[in-house]
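Have a look at the structure below before the remarks.
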Amino acid sequence: GLVDPRGIVIDRLAGKMYWAIHESNGAIWSADLDGSDAVVFQGGLSEPADLAFDRFSRTLYWAEEGANLIRRKSLDHAGPPELVIEGLNRPYYLAVDPWAGFLYWSDFNSTIIHRATMDGASPVNFITGQSRVRDVEVADGVLYWCDRNSSQLRSRALDGTGCPLAACRICPSRSGQHAHVSTDLR
């Protein structure tokens with residue numbers, strides 16, 4: 001069996017799946033969608049925690065919690081992975097928005113969702129004031145996340161329209177807390 005798998009992504013074009021093995025000498029594995037032909041895609045990683053896939057450039061991104069960085073590697077070109085951003089604090093959850101050109105992540109046990117360009121430039125604290133961010137996803141111009149300690153699923157339109165709190169749709173919760181959303185959406 002697998003040891004502590006995390007962050008599965010699917011490459012439909014190639015019929016492959018990728019996942020991380022979260023260990024101090026971790027790796028990213030790939031296999032056919034039926035689980036056959038499993039091989040190490042990238043080894044020697046320090047606690048890879050989550051993966052994100054840019055299907056347009058066919059690039060795999062991953063957060064290395066143990067190394068405090070995010071890397072990427074093209075699925076179409078051989079060579080070493082490329083450092084995207086370093087000096088982070090246990091990056092854990094990761095999402096990419098190739099249409100807008102942004103990368104989103106949250107650190108382990110964090111109250112903040114960060115954003116940078118997909119090459120790691122211009123990092124900002126994008127959404128703050130959460131109780132504990134768990135997972136981030138982007139779809140159709142909306143950022144979605146789980147706020148674990150407040151027992152809420154939250155989302156934020158990424159186009160910057162509306163007032164910050166009104167733009168953050170909050171699913172029903174017992175706590176009644178609201179998200180604090182940055183208005184700097186450049």
Side-chain angles (χ1 to χ4, degrees), residues 1-108 110 113-124 126-127 133-146 155-156 158:
L2 300 175
V3 177
D4 209 4
R6 312 271 171 104
I8 191 167
V9 297
I10 305 298
D11 177 1
R12 290 185 193 132
L13 183 66
K16 296 281 187 183
M17 62 179 148
Y18 296 83
W19 68 93
I21 299 297
H22 188 256
E23 296 180 324
S24 58
N25 187 21
I28 296 172
W29 284 73
S30 72
D32 292 339
L33 293 178
D34 64 3
S36 64
D37 295 323
V39 296
V40 172
F41 170 75
Q42 181 68 50
L45 305 177
S46 181
E47 299 178 273
D50 198 10
L51 307 177
F53 182 53
D54 175 355
R55 62 187 173 114
F56 301 107
S57 70
R58 298 191 31 76
T59 300
L60 188 65
Y61 287 75
W62 64 87
E64 279 185 65
E65 179 189 11
N68 296 315
L69 53 79
I70 296 171
R71 296 184 205 242
R72 67 183 174 190
K73 185 172 181 176
S74 171
L75 300 183
D76 294 330
H77 302 96
E82 179 182 359
L83 177 65
V84 176
I85 190 167
E86 61 185 335
L88 305 177
N89 183 22
R90 299 180 69 193
Y92 208 85
Y93 305 104
L94 186 62
V96 293
D97 183 1
W99 287 106
F102 289 110
L103 168 72
Y104 299 89
W105 74 94
S106 181
D107 304 321
F108 187 77
S110 179
I113 298 173
H114 308 278
R115 182 184 79 179
T117 61
M118 290 182 66
D119 63 0
S122 306
V124 297
F126 187 65
I127 296 176
V133 176
R134 295 289 301 229
D135 210 354
V136 291
E137 296 294 333
V138 176
D140 300 322
V142 178
L143 179 67
Y144 298 87
W145 69 95
C146 301
S155 62
R156 167 72 160 100
L158 297 174

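If you read the sequence from its start, that first residue is 1, and numbering goes on from there. Below, each value reflects all heavy atoms present in this structure, side chains not excepted, and no hydrogens, waters or symmetry copies.
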- [ ] Begin from the C-alpha positions of Arg115 and Ile127 and carry the test side chain to side chain contact (heavy atoms under 4.5 Å, CB included) through to its verdict.
- [x] CA-CA 9 Å; Arg115 182 184 79 179; Ile127 296 176; over 6 Å; no

- [ ] Apply side-chain hydrogen bond (donor to acceptor under 3.5 Å, both in side chains) to Asp11 and list each qualifying residue two or more places apart in sequence or on a separate chain.
- [x] Arg58

TODO: List the atom of Tyr61, the atom of Leu103, and the distance in Å for their closest heavy-atom pair.
DONE: CD2-CD1, 4.2 Å

Open item on the list: Within this structure, what is the CZ-CG distance for the pair Arg12 and Leu33, rounded to the nearest 0.5 Å?
Closed with: 9.5 Å

Open item on the list: If you count heavy atoms of other groups shown closer than 6.0 angstrom to CD of Glu86, is the number above 12?
Closed with: no

Task: Partner residues of Trp105 under the ring pair (Phe, Tyr, Trp, His ring centres under 6.0 Å) criterion, sequence neighbours left out - done: His114

- [ ] Let me see the working for Thr59 and Lys73 under side chain to side chain contact (heavy atoms under 4.5 Å, CB included), right down to the final yes or no.
- [x] CA-CA 6 Å; Thr59 300; Lys73 185 172 181 176; 5.9 Å; no

Task: Interatomic spacing from OG1 in Thr117 to CG in Asp97 - rounded to 0.5 Å - done: 12.5 Å

- [ ] Compare every heavy atom of Ala49 with every heavy atom of Pro91, then report the nearest pair and how far apart it is.
- [x] O-CB, 4.3 Å

TODO: Please confirm whether Phe41 and Tyr18 have ring centers closer than 6.0 angstrom.
DONE: yes

TODO: Identify the two heavy atoms, one from Met118 and one from Asp54, that lie closest to each other, and give their separation to 0.1 Å.
DONE: CE-OD2, 3.5 Å

Task: Criterion side-chain hydrogen bond (donor to acceptor under 3.5 Å, both in side chains) on Ser74 and Asp76, from CA distance to verdict - done: CA-CA 5 Å; Ser74 171; Asp76 294 330; 4.8 Å; no

Task: Taking every non-hydrogen atom, the tightest pair across Trp62 and Leu45 - done: NE1-CD1, 3.7 Å

Open item on the list: If you compare all heavy atoms of Ala95 against all heavy atoms of Ala52, which two are closest, and at what distance to 0.1 Å?
Closed with: CA-CB, 4.1 Å

Open item on the list: Walk me through whether Asp50 and Val136 qualify under side chain to side chain contact (heavy atoms under 4.5 Å, CB included).
Closed with: CA-CA 10 Å; Asp50 198 10; Val136 291; 5.7 Å; no

Task: Of Glu64, Glu65, Glu47, the residue whose pairing with Arg90 passes salt bridge (Lys or Arg N to Asp or Glu O under 4.0 Å) - done: Glu65

Open item on the list: Check the orientation of Phe56 and Trp99. Use parallel for under 30°, tilted for 30 to 60°, and perpendicular for over 60°.
Closed with: perpendicular

TODO: Can you measure from CD1 (Ile85) to CG (Leu69) and round to the nearest 0.5 angstrom?
DONE: 10.0 Å

Open item on the list: Quick one, Phe102 and Leu143 - any side-chain contact, counting heavy atoms below 4.5 Å?
Closed with: no

Open item on the list: Could you work out, with side-chain hydrogen bond (donor to acceptor under 3.5 Å, both in side chains) as the rule, every residue matching Ser46, not counting sequence neighbours?
Closed with: none

Open item on the list: If I take atom CD from residue Glu137 and atom OG from residue Ser155, how far apart are they, to the nearest 0.5 angstrom?
Closed with: 13.0 Å

Task: Phe53: which of Ile8, Ile10, Leu75 passes side-chain contact (heavy atoms from CB on, under 4.5 Å) - done: Leu75

TODO: Give, for atom CG of Asp32 and atom NZ of Lys16, the distance between the pair rounded to the nearest 0.5 Å.
DONE: 4.0 Å

- [ ] Would you name the heavy atoms of Ala27 and Gly43 that are closest together and state the gap between them?
- [x] CB-CA, 4.0 Å

Task: Any side-chain donor near an acceptor of the partner, Asp34 and Ser36, under 3.5 Å - done: yes

